[in-house]
K.L.:
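Would you mind keeping the following structure in view while I ask a few things?
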Number of protein chains: 2
Amino acid sequence: MKITINDVAKLAGVSIKTVSRVMNNEPSVRKDTFDKVTAAMKQLQYQPNTAARNLASSRSYSIGYVYDNPNAYYVIEMQRGMLDACRKHHYELIIHPTNAQSPEIVQEVLELVERSRLAGLVLTPPFSEMPHLAEALTEKEVAFVRIISGSTPSPKLSNCVLVDDFTAAFKITNHLLELGHTDIAFLGGDEEHSSSGERQAGFEAALIKRGLKAKPEWVVAGRYSFESGVARAKALMSAENKPSAIFACNDEIAAGALFSARLMNISIPDQLAIAGFENSPFSRQTWPPLTTAHQPNSTIAQYAAELLFKCSKKTHNKADVKQQTVFIPELLVRESTSSVT
Amino acid sequence: MKITINDVAKLAGVSIKTVSRVMNNEPSVRKDTFDKVTAAMKQLQYQPNTAARNLASSRSYSIGYVYDNPNAYYVIEMQRGMLDACRKHHYELIIHPTNAQSPEIVQEVLELVERSRLAGLVLTPPFSEMPHLAEALTEKEVAFVRIISGSTPSPKLSNCVLVDDFTAAFKITNHLLELGHTDIAFLGGDEEHSSSGERQAGFEAALIKRGLKAKPEWVVAGRYSFESGVARAKALMSAENKPSAIFACNDEIAAGALFSARLMNISIPDQLAIAGFENSPFSRQTWPPLTTAHQPNSTIAQYAAELLFKCSKKTHNKADVKQQTVFIPELLVRESTSSVT
DNA sequence: AAAAATTTGGCCAGCGCTGTCATATACAGC
DNA sequence: GCTGTATATGACAGCGCTGGCCAAATTTTT
């Protein structure tokens, strides 16, 4: 319960300093020394005292995840991805759900970083879309990585992981077009989220490419919720002019639309095809299961965390890491658009 | 960026030690000293350095939450409750999702505790229902609190927070009985979870109290899933002898049952009343919304964390805290059982 | 074989706080 | 008032590790 670096040093027959060097992956350590020390650590089941390391090095071996997202599945998956990365690099993850609306949000985040001496932060929408937060963090020299919706890297988006909602929406729309649908409605999500706009743009681009145009009355704004899907689908399918397919901005909306269609005795997918977005568990719990776009959330989160480690590390190479990687959600065809079992 | 306890001490005109006392809520501090120090801390926006505190006190100001639960909402709510408690007491929460099936789970948990020098652990099912884990933790003198399904405190269940599924299920069943239903079916959840058994027992007890008996063919085992609800309700409602009400073991099952009923053109709640359990967001997203039992998950979690702080604290009173508090989920009547708007 | 480069050890300060114990101050009672 | 007890505060060492620095040991190069 109290094996110290000293014990390891003795067993390995080296100095404390060398053990410390091994732990911190410092360059000038010979291979066999490294192995000796590693073996000793394993044999003793040595667990370095995180607190002591943090204190002495005045940097912490933990990163923070700040979020405010009502979608529990999303959050859980992001956490999982970051935790995977953390475990690999012997970091800790500090989760910090909070209210994005709070006027003192910047202050709050800075305090969090300071108190826990975080090595960096991962931000998801809406925090990743707050310019003032990014500025404040940059000014205080806090490392951070943002996960945002976008398709085109730009110098402004430093240290971002982009999720290409545009292309994914394009693909889904294309799938519907290929099935022969031309009368496609779009059910949007919360307008504050840029993801909704990106998806709409992808939808419209796909239509345009086929020489079609989105009917204004079939592009319906709303919220990212089941109820919103129910209501809008009902209105849409009660009108004179009905679409033959619906592209919903996320799975919840799609499930709502599906629900409405059921009530109206509209058979899916024969009379109406419905596609969602996200590949949430929700999309598998409907009947028929929803065609959707698979967002590899945990992979994205893991990647973001890894990126953060690179930025925050005392890497000797001067060039800061200003990478921007783009993830494209994959099309996932299920029975809600095509009856091929 | 680097206000230390020293700065606070100077500003408040006291010694470092006294500031430390204030931070740790130690008893022997006069009121006015306390106020002076508190004011100084606020003025300087002082953030104690967690690492230093951990090191000096050789105990960490963080607790761990070990879980393996597919229900994201549940996990998120538990996290939120624990975080609330943690923030109040200036603790950190380390989340540790893992695979409950792993044969080395005990070892893994012990390592986690050691590495992060956790002050204690909160366990939810299935971890809270593993006797060997509890034993190992007790032996290693790791403080822990278990959240489990149960109604009767017993010496074996030391440091447990009990969720009285039995009574809650009793109440729901009673509600159905009071509406005049006598033909009530029960759709169970995964049998490995003790919660399912507790709920079934509550259901049967309520019937017996009215001189009724559960029909064996109406007590149907299954899984805690939407699909399982769909299938079982369909079977139930296709039989010769149909129940007039269904008590589903959780909201997902209930939503599935609701879905089936819709497909079969059975009107809810007139021809069939349906009740769920959990008050998940799910239960509000169906139409009609589900009558259910509200499990105050975040409150329970918060309470569990507070209990843990008490156990792990250097409380001078010898008597260990072996409390057992029982939370009873509340009946929440919605339109799926009673059309009264 | 000498010079140069690499690897390792020794030493010490100190990260920012808490535990222990000693001291100072308050509040009794007579 | 004064001693006695309870309470409030302070001084100091040290938690386990890292960083900096230089010297010593070892290996590699010329």
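Because the structure is a prediction, the values reported are computed rather than measured. A note on names: the letters A, B, ... follow the listed sequences, proteins ahead of strands, and every chain is numbered from 1.
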K.L.:
Got a sec? Which of residues 43-55 of chain B come in under 4.0 Å of DNA chain C, heavy atoms?
P.N.:
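Output list: Y46(B), P48(B), N49(B), A52(B), R53(B).
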
K.L.:
Compute whether any side-chain donor of one residue and acceptor of the other, for E129(A) and S194(A), lie under 3.5 angstrom apart.
P.N.:
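Checked: E129(A)/S194(A) side chains pair up, N/O donor to acceptor below 3.5 Å.
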
K.L.:
For the pair made of CG in N6(A) and P in dG14(D), what is the distance, rounded to whole Å?
P.N.:
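N6(A) atom CG is separated from dG14(D) atom P by 16 Å.
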
K.L.:
Quick check on dT18(C): is either OP1 or OP2 less than 4.0 Å from any side-chain nitrogen or oxygen of S20(B)?
P.N.:
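So the side-chain polar atoms of S20(B) do come within 4.0 Å of the phosphate oxygens OP1 or OP2 of dT18(C), strictly under.
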
K.L.:
Atom CG of N25(B) and atom P of dC17(C): how far apart are they, to the nearest Å?
P.N.:
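These atoms are roughly 16 Å apart.
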
K.L.:
Under 3.5 Å, is there a donor-acceptor pair linking the side chains of N49(A) and R115(B)?
P.N.:
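No.
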
K.L.:
Please report the distance, rounded to the nearest Å, between NZ in K31(B) and P in dT9(D).
P.N.:
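After rounding, the reported distance stands at 13 Å.
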
K.L.:
Side-chain contact test, heavy atoms from C-beta onward, threshold under 4.5 Å: evaluate it for V37(B) versus V14(B) and give yes or no.
P.N.:
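Yes; the side chains approach each other to less than 4.5 Å.
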
K.L.:
Would you mind reading off the distance between N24(B) atom CG and dA8(D) atom C1', rounded to a whole angstrom?
P.N.:
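Those two atoms, CG and C1', are 16 Å apart.
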
K.L.:
Determine: side-chain N/O of T33(A) to OP1/OP2 of dT7(C), distance under 4.0 Å, yes or no.
P.N.:
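It does not, given that no N or O in the side chain of T33(A) lies less than 4.0 Å from OP1 or OP2 of dT7(C).
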
K.L.:
Please state whether the phosphate of dT9(D), meaning OP1 or OP2, lies under 4.0 angstrom from any side-chain nitrogen or oxygen of T18(B).
P.N.:
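Answer is no, no contact under 4.0 Å.
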
K.L.:
Once rounded to the nearest 0.5 Å, what's the spacing between atom CG of N25(B) and atom NE2 of H90(B)?
P.N.:
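NE2 of H90(B) is found 8.0 Å from CG of N25(B).
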
K.L.:
Using whole Å, report how far NZ of K10(B) lies from P of dG10(D).
P.N.:
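Checked: the NZ to P distance equals 14 Å.
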
K.L.:
Ignoring hydrogens and angles, write down the donor-acceptor pairs under 3.5 Å from the side chains of residues 72-79 of chain A, residues two or more places apart or on other chains.
P.N.:
residue	atom	partner	partner atom	Å
E77(A)	OE1	N297(A)	ND2	3.2
Q79(A)	OE1	Q79(B)	NE2	3.0
Q79(A)	NE2	Y67(A)	OH	3.2
Q79(A)	NE2	Q79(B)	OE1	3.0

K.L.:
Between P on dC17(C) and CD on E114(A), what's the gap in Å once rounded to a whole number?
P.N.:
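Computing the E114(A):CD to dC17(C):P distance gives 11 Å.
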
K.L.:
Quick check: on DNA chain D, is the nucleotide nearest I5(A) upstream (toward 5') of the one nearest R21(B), or the reverse? Name the residue that is more 5'.
P.N.:
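Final value for this comparison: R21(B).
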
K.L.:
Could you state the CG-P distance from D32(A) to dT7(C), rounded to the nearest angstrom?
P.N.:
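Atom-to-atom, D32(A) to dT7(C), this comes out as 11 Å.
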
K.L.:
Between C1' on dC17(D) and CE on M23(A), what's the gap in Å once rounded to a whole number?
P.N.:
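Result: 7 Å.
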
K.L.:
Tell me, please, whether F127(A) has R146(A) positioned over its six-membered ring: NZ or CZ under 6.0 Å from the ring centre and within 45 degrees of its axis?
P.N.:
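No; the conditions do not both hold, so R146(A) does not lie above the ring face of F127(A).
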
K.L.:
By nearest atom, which of the nucleotides dT18(D), dG14(D), dT8(C) is closest to the V29(A) side chain?
P.N.:
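Nearest to the side chain of V29(A) among the choices is dT8(C).
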
K.L.:
State which of dT7(C), dG10(D), dC21(D) makes the closest approach to the side chain of R30(A).
P.N.:
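The answer is dT7(C).
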
K.L.:
Side-chain N or O of S57(A) versus OP1/OP2 of dT18(D): is the shortest distance under 4.0 Å?
P.N.:
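Checking S57(A) against dT18(D): no side-chain N or O falls below 4.0 Å of OP1 or OP2.
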
K.L.:
Any base atoms under 4.0 Å from S58(B), or only sugar-phosphate, or nothing? Heavy atoms, all strands.
P.N.:
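The residue S58(B) makes no contact with any strand.
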
K.L.:
Quick check: do I148(A) and V163(A) have side-chain heavy atoms less than 4.5 Å from each other?
P.N.:
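No, too far: nothing below the 4.5 Å cut-off.
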
